[in-house]
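A short worksheet on the structure shown next.
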Amino acid sequence: MKKLNEILGTEFPFIQGGMANIATPQFAAACSNAGALGVIAAGGIREPEELREQIRLCRSLTDKPFGVNLMLMNPAADQMAQIIAQEKVQVVTTGAGNPGKYIPAWKEAGVKVFPVVAATVLARRLSRYGVDGIIAEGTESGGHVGEMTTMALVPQVIDAVDVPVIAAGGVADGRQLAAAFALGACGVQIGTCLLVSEECPIHNNYKQALLKAKDSDTTVTGRSIGGPVRVLKNKMARQYLLLEKRGASLEELEKVTLGGLRRAVFDGDVETGSVMSGQVAGMLHEIRPLRQIFEELYAGGKAVLEATGQQWR
């Protein structure tokens, strides 16, 4: 099987995760210029034409491949899907639903399609639509999560589909990259470890909170309402979990999180903001350039596999 970089035309077999309000055109372009596949997050965009503007801005900042992440729960998803096809974006990743109805138009426009899934049943269904690959994301990841771990999910998805599989969730160094390849993945999607890059546009308070985090400093809110989200433990998260335990209404819970991600990202409010992060936060120790993060991740994975006598594909 080809490695992800051969499929995408990138230097490294890495996709940057589509992190809402964080994965701006500038950040996506920086990731692409550093050798991975940068991805614009449409999750925080409300007006469809704003997505077109962001795609064109990203295109002006890089001559490398880049993609768009479309959250299918977005009320403007239909219009955004059409814009992605019209702009002939090289790659689209999707989350929070089934993108089946958009795939024919995307494929006709030459767009490579990589849905993000948290369970094998959806992966099997989507593989029949002619997708180019599946991103199997474990519950270790930050933001919206499923229930299965990456270690359990990835091999089961690989066994269930006949398209390339990308591992996501819980990847921050070479050991985890090597594990993903050993499981049969062709590459990885990474997010949390990029939050502490020099180029990442989040507030410095957010970055410092990640650098201070320990292995058990994330929690999942929203399980009771069917919308689990992994965040760093802070005042907001503790309040939310207490309300969930008391059986609070959806309206009460939404008051706690309303605007929380934007407060964390833009204002640096790491107490009442939603500081989304994966479990690998405890492995982050310094702020580095994207290029250095990618190079060390790739070299580390290669060294681990070669040390165990396995061939670096």
Side-chain angles (χ1 to χ4, degrees), residues 4-5 8-12 14-96 99 102 105-106 108-114 116 132 135 143 189-204 206-207 259 261-268 276 287-291 293-294:
L4 182 60
N5 52 300
L8 298 177
T10 57
E11 182 178 354
F12 300 113
F14 310 148
I15 295 177
Q16 164 239 310
M19 301 169 283
N21 294 310
I22 297 172
T24 62
Q26 294 89 341
F27 187 58
C31 288
S32 289
N33 288 333
L37 181 83
V39 174
I40 301 168
I45 300 175
R46 296 176 183 175
E47 296 298 326
E49 284 302 315
E50 185 182 345
L51 176 59
R52 192 189 305 276
E53 293 171 6
Q54 292 200 6
I55 290 169
R56 292 181 178 180
L57 174 57
C58 189
R59 190 171 284 135
S60 74
L61 297 172
T62 183
D63 59 358
K64 304 291 195 301
F66 68 91
V68 170
N69 173 258
L70 180 63
M71 290 296 288
L72 298 168
M73 66 175 66
N74 191 312
D78 287 353
Q79 299 96 309
M80 289 182 174
Q82 189 175 38
I83 288 169
I84 289 168
Q86 291 169 348
E87 293 295 320
K88 300 185 184 301
V89 176
Q90 292 99 320
V91 177
V92 62
T93 65
T94 66
Y102 305 129
W106 285 340
E108 186 176 349
V111 181
K112 290 185 173 67
V113 184
F114 293 86
V116 178
D132 295 274
I135 300 172
Q189 177 175 279
I190 50 180
T192 300
C193 66
L194 305 184
L195 294 174
V196 291
S197 66
E198 291 180 356
E199 295 90 339
C200 186
I202 62 175
H203 197 284
N204 188 57
Y206 198 140
K207 294 184 182 183
L261 181 58
R262 295 186 68 84
R263 286 199 302 275
V265 170
F266 300 115
D267 302 333
M276 295 187 184
I287 296 173
R288 298 177 292 163
L290 282 167
R291 180 71 189 186
I293 293 172
F294 295 150

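We use all heavy atoms of the structure for the numbers below, so side chains are in, but hydrogens, waters and symmetry mates are not.
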How many angstroms lie between atom CD1 of Ile287 and atom CD of Glu198, to the nearest 0.5 angstrom? 8.0 Å
Flag the pair Phe114 / Val92 as yes when at least one side-chain heavy-atom distance between them is below 4.5 Å, and no otherwise. no
Where do Trp106 and Val113 land on the side-chain contact (heavy atoms from CB on, under 4.5 Å) test, with the steps shown first? CA-CA 8 Å; Trp106 285 340; Val113 184; 3.8 Å; yes
Taking it one step at a time, do Glu11 and Arg291 satisfy salt bridge (Lys or Arg N to Asp or Glu O under 4.0 Å)? CA-CA 11 Å; Glu11 182 178 354; Arg291 180 71 189 186; 2.7 Å; yes
Any salt bridge between Glu87 and Arg56, counting N to O under 4.0 Å? yes
Using every non-hydrogen atom in the two residues, find where Ile83 and Pro48 come nearest and quote the distance to one decimal. CD1-O, 3.1 Å
Please report the shortest heavy-atom distance between Ala77 and Met71, naming the atom on each side. CB-O, 4.3 Å
Backbone N/O of Met276 and side chain of Tyr206: donor-acceptor pair under 3.5 Å: yes
For Gly38 versus Cys31, what's the shortest heavy-atom pair and its separation? CA-CB, 3.8 Å
Sort out for me which residue in Leu37, Val89, Leu8 forms a side-chain contact (heavy atoms from CB on, under 4.5 Å) with Pro65. Leu37
Kindly indicate whether the side chain of Gln54, heavy atoms from C-beta on, has any atom under 4.5 Å from the side chain of Glu49. no
On a heavy-atom basis, which atom in Phe294 and which in Phe14 lie closest, and how many Å separate them? O-CE1, 3.5 Å
So, does Ser197 use its side chain to make a donor-acceptor pair with the main chain of Leu194 at under 3.5 Å? yes
Please step through side-chain contact (heavy atoms from CB on, under 4.5 Å) for the pair Leu61 and Gln26, ending with a clear verdict. CA-CA 7 Å; Leu61 297 172; Gln26 294 89 341; 4.0 Å; yes
Determine, stepwise, if the pair Ile84 / Leu51 fulfils side-chain contact (heavy atoms from CB on, under 4.5 Å). CA-CA 8 Å; Ile84 289 168; Leu51 176 59; 4.1 Å; yes
Without swapping roles, check the side chain of Arg288 against the backbone of Ile293 for a donor-acceptor pair under 3.5 Å. no
Does the Asn21 side chain pair with the main chain of Ala264, one donor and one acceptor, at a distance under 3.5 Å? no
Arg52 vs Gln86, side-chain contact (heavy atoms from CB on, under 4.5 Å): CA-CA, chis, key distance, verdict: CA-CA 9 Å; Arg52 192 189 305 276; Gln86 291 169 348; 2.8 Å; yes
Could you check whether any side-chain heavy atom of Ile15 comes within less than 4.5 Å of a side-chain heavy atom of Leu4, counting everything from C-beta outward? yes
Atom CD of Gln16 and atom SG of Cys193: how far apart are they, to the nearest 0.5 Å? 10.5 Å
Side-chain contact, heavy-atom cut-off 4.5 Å: Thr10 with Phe66? no
With sequence neighbours left out, what residues match Leu72 under side chain to side chain contact (heavy atoms under 4.5 Å, CB included)? Leu70, Thr94, Pro99, Tyr102
All side chain to side chain donor-acceptor pair (under 3.5 Å) counterparts of Thr93, not counting sequence neighbours: Asn69
Can you tell if the side chain of Lys207 reaches within under 4.5 Å of the side chain of Leu195, non-hydrogen atoms only? no
Side-chain donor or acceptor of Gln189 paired with backbone N/O of Ile135 under 3.5 Å: no
Looking at Ala85 and Ala109, what are the two nearest heavy atoms and their distance? O-CB, 3.4 Å
Nearest heavy atoms of Gly268 and His203, plus distance in Å: CA-CG, 3.3 Å
May I have the list of side-chain donor-acceptor pairs in residues 39-46 shorter than 3.5 Å, sequence neighbours left out?
none

Once you round to the nearest 0.5 Å, how far does CD1 of Ile55 lie from CD of Gln90? 10.0 Å
Approximate separation, where rounding is to 0.5 Å, of Phe27 CZ and Ser32 OG: 10.5 Å
